[in-house]
2 protein chains.
Amino acid sequence: MSSIVVLGAGIMATALATPLSDNGHQVRLVGTHLDRDIIDSIKQTGIHPNLGLRVPEGTTAYQLEEAEEAFADAELVMSGVNSFGVRWAGDRLAELLRPGMHVISLAKGMESDDEGNLTILPRVLAGQIPAELREQLTFSAIAGPSIAGEVAVRRHTSVVFTGEDSSVIEMWRGLFATSAYHVWTNTDFVGVEVCAATKNCYAFGAGFMSGVLDAMGEAAGDRYVNYNYGAALFGQASIEMIDFMRLLGGEPTTPIGLPGIGDCFVTSMGGRNVKCGRLVGSGLTFSEARDQMPGVTLEGAAAIKVIGGALGPLTERGLITPAQFPLLRHLYEVVGLDQGVDVPWDSFFGSNGSGVL
Amino acid sequence: MSSIVVLGAGIMATALATPLSDNGHQVRLVGTHLDRDIIDSIKQTGIHPNLGLRVPEGTTAYQLEEAEEAFADAELVMSGVNSFGVRWAGDRLAELLRPGMHVISLAKGMESDDEGNLTILPRVLAGQIPAELREQLTFSAIAGPSIAGEVAVRRHTSVVFTGEDSSVIEMWRGLFATSAYHVWTNTDFVGVEVCAATKNCYAFGAGFMSGVLDAMGEAAGDRYVNYNYGAALFGQASIEMIDFMRLLGGEPTTPIGLPGIGDCFVTSMGGRNVKCGRLVGSGLTFSEARDQMPGVTLEGAAAIKVIGGALGPLTERGLITPAQFPLLRHLYEVVGLDQGVDVPWDSFFGSNGSGVL
């Protein structure tokens with residue numbers, strides 16, 4: 001039996017207590033300053049209000065000011081904050097971690113500098129920690145198609161654990177894997193994380209197919225929907241994810257299977273990000289759509305601004321051609337520049353429908 | 001302006017009259033013996049009863065006994081019959097075609113011999129025609145994500161035309177391509193057609209995720225569905241489609257984009273095949289599920305029997321290992337051997353979640 005400390009008590013971080021608990025481990029959920037009500041609820045009733053479920057046996061909740069107690073004798077740490085909180089989490093962990101500890105993180109996204117250089121979030125997280133301590137830690141991450149609530153109620157889920165050290169990610173796999181939570185390991189850290197970040201961009205576009213129909217109203221009828229449209233965007237997304245491997249140093253086969261195509265599928269099936277894409281597809285500008293969803297975090301839209309925004313500088317530097325990433329470039333026009341949806345179909349699919357330029 | 005003769009008046013064959021008509025071409029729809037009522041309806045009212053739409057301007061319907069009139073001065077022929085009618089269509093075309101004519105076909109599937117050797121359907125079609133005539137014809141095919149009704153009402157659709165001769169498929173592209181019907185060309189004839197055939201197998205499995213929930217009934221609640229399950233099957237399907245390229249001589253990149261992943265997406269979104277998979281996922285045997293859908297053609301299930309059935313002989317011959325194609329092997333157990341659904345998750349995704357064995 002091990003103890004795993006989790007920083008952040010969002011739905012995915014909490015859902016992962018289920019497989020850990022099923023394997024007999026103790027989970028210490030430490031809420032951020034944004035999770036105060038969640039932690040209060042778990043302490044008082046055992047219920048995570050956003051998941052709508054009782055946390056599993058062996059899970060204990062801590063407010064942020066109780067973090068030192070939670071971290072006291074632990075060696076295993078999960079950073080459960082989302083992409084907006086990664087630097088904050090790194091700063092907290094810099095105070096709480098000790099040499100020899102292992103960190104696994106959930107946040108999906110990338111950061112970009114002014115020249116378009118993109119960095120995966122586990123590296124951003126690690127970068128907040130002083131080098132001397134950092135070198136005595138390991139960093140891994142969880143990726144792959146995984147809706148939190150389904151994990152929490154033990155629906156079959158197949159994921160990928162990634163990191164640079166195969167023995168470390170095998171150790172993590174041993175802690176998490178159950179008969180419902182199936183875990184593969186992949187040492188292509190950059191490739192897996194780039195898939196996880198970019199799939200959020202493409203899932204925003206998956207909302208367009210429904211939005212276009214919404215705009216047609218009754219004229220669209222209800223018999224013939226817009227799956228051909230969605231399938232074409234999905235196909236182009238798969239091509240661009242593979243192109244990102246070439247650009248950023250991942251293995252070209254990594255997007256095949258769970259990390260890219262599988263995760264893009266599940267993320268395209270619904271959620272806030274797809275809903276916002278649908279509003280934009282119906283004719284609203286992104287600014288108007290975002291105003292209709294006050295207080296909602298839109299990680300996909302944020303990822304489009306960062307990753308899509310990097311494509312211009314990368315093109316100027318000659319690292320990519322203007323013909324590459326036409327879908328993400330258009331998503332950036334829509335989300336970053338508030339332009340209308342006008343899918344550039346004829347720039348897709350290379351010359352042969354499968355991405356050869 | 002050209003005239004295109006179409007053998008078969010099903011929904012896909014008829015839907016493709018829309019882009020042809022939009023480009024000013026004449027379409028002559030020749031019904032099979034199964035299409036008699038459809039042809040009567042079009043002759044009397046202009047309405048295709050199964051599409052629920054008026055056929056476009058420039059479309060003329062013919063009963064099968066009027067085929068010679070329809071073929072009289074035509075050079076361009078579309079074989080619009082489905083996979084069950086390919087040999088029948090080839091026999092009819094053997095009587096109706098003349099040297100110099102071009103044939104493009106729609107049927108998706110493969111045939112297998114006792115040793116597991118698989119043949120794409122355009123080759124089966126061509127094989128019904130005497131060699132001397134056959135050598136004076138060209139054969140091409142249409143593939144890619146394309147729901148017929150959406151094509152008929154001009155929803156954006158992106159497809160791939162394939163064949164051995166690039167100038168011929170470019171000619172076909174010129175006839176069909178419109179501002180809504182986007183056409184790419186790919187000379188990997190085997191690769192594109194193998195994608196088109198196998199995606200029907202995997203789409204049957206896409207029904208399982210809903211069926212498993214159906215079996216749980218109210219216990220499943222309505223908040224947490226089963227997308228993680230479906231995403232994992234979709235990811236494994238993408239791996240196996242690429243493995244089929246290695247086995248059958250297609251380009252390993254062909255499934256990326258429209259022919260494989262894009263088409264598998266749209267086919268997994270619904271239809272009779274997915275509905276039957278859902279019934280099986282809920283606990284019925286395939287035989288029981290099929291009995292609940294009398295008179296319905298199930299091309300996906302038929303493809304599983306043929307292609308899945310070939311995996312045994314191919315394994316015995318050492319052309320594939322027992323570890324390859326675990327999803328299609330299970331689909332064959334379910335459809336071909338009437339066994340229950342018991343997804344072999346741990347045999348999926350190779351060692352790293354992306355298909356490397």
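First the proteins, then the strands, lettered A, B, ... as listed; each starts at 1.
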Completion exercise
Expected contact set for residues 164-176 of chain A against chain B at heavy-atom separation under 4.5 Å reads none
Problem - Portion of Val153(B) that has a non-hydrogen atom of chain A nearer than 4.5 angstrom - result: side chain
Fill in the blank from the handout: Residue from Gly260(B), Gly52(B), Ser146(B), Cys264(B) scoring the most non-hydrogen pairs under 4.5 Å with chain A is Ser146(B)
Handout entry: Expected output: side-chain Ser354(A) to main-chain Pro255(B) donor-acceptor under 3.5 Å
Key = no
Practice task
Please examine the side chains of Val212(B) and Arg155(A), heavy atoms only from C-beta on, and report whether any two atoms are closer than 4.5 Å.
Solution key: no
Problem - Value rounded to 0.5 Å, distance of CD1 in Ile147(A) from OH in Tyr227(B) - result: 7.0 Å
Exercise for the section: Could you look at Thr267(B) and say if it's the side chain, the backbone, both or neither that has a heavy atom under 4.5 Å from chain A? Expected result: neither
Problem - chain A neighbours within residues 229-248 of chain B, where any heavy atom lies under 4.5 Å away - result: Tyr229(B), Gly230(B), Ala231(B), Ala232(B), Phe234(B), Gly235(B), Ser238(B), Ile239(B), Ile242(B)
Handout entry: Beyond-backbone contact of Ser158(A) with Phe349(B), side-chain heavy atoms, under 4.5 angstrom
Key = yes
Handout entry: Any donor-acceptor N/O pair, Asn352(B) side chain to Asn186(A) backbone, under 3.5 Å
Key = no
Handout entry: Residue, of Ser351(A), Pro252(A), Gly149(A), that accumulates the most heavy atom pairs under 4.5 Å with chain B
Key = Gly149(A)
Problem - Winner by heavy-atom pair count (cut-off under 4.5 Å) against chain A, out of Thr254(B), Thr253(B), Asn226(B) - result: Asn226(B)
Practice task
Name, in order of residue number, those residues of residues 194-206 of chain A that have a heavy atom at a distance of less than 4.5 Å from a heavy atom in chain B; otherwise write 'none'.
Solution key: none
Handout entry: Region of Val151(B) that comes under 4.5 Å of a non-hydrogen atom in chain A
Key = both
Practice task
Between chain A and each of Thr187(B), Asp188(B), Val160(B), Thr157(B), count heavy-atom pairs under 4.5 Å; write down the option with the most.
Solution key: Thr157(B)
Practice task
Report yes if some heavy atom in the side chain of Asn228(A) is under 4.5 Å from a heavy atom in the side chain of Glu150(B); otherwise report no.
Solution key: yes
Practice task
For residues 341-350 of chain B, pull every pair meeting side chain to side chain donor-acceptor pair (under 3.5 Å), keeping only residues two or more places apart or in separate chains.
Solution key: His156(A)-Trp345(B), His182(A)-Asp346(B)
Problem - Option in Ile256(A), Val356(A), Ile261(A), Val266(A) with maximal non-hydrogen atom pairs under 4.5 Å from chain B - result: Ile256(A)
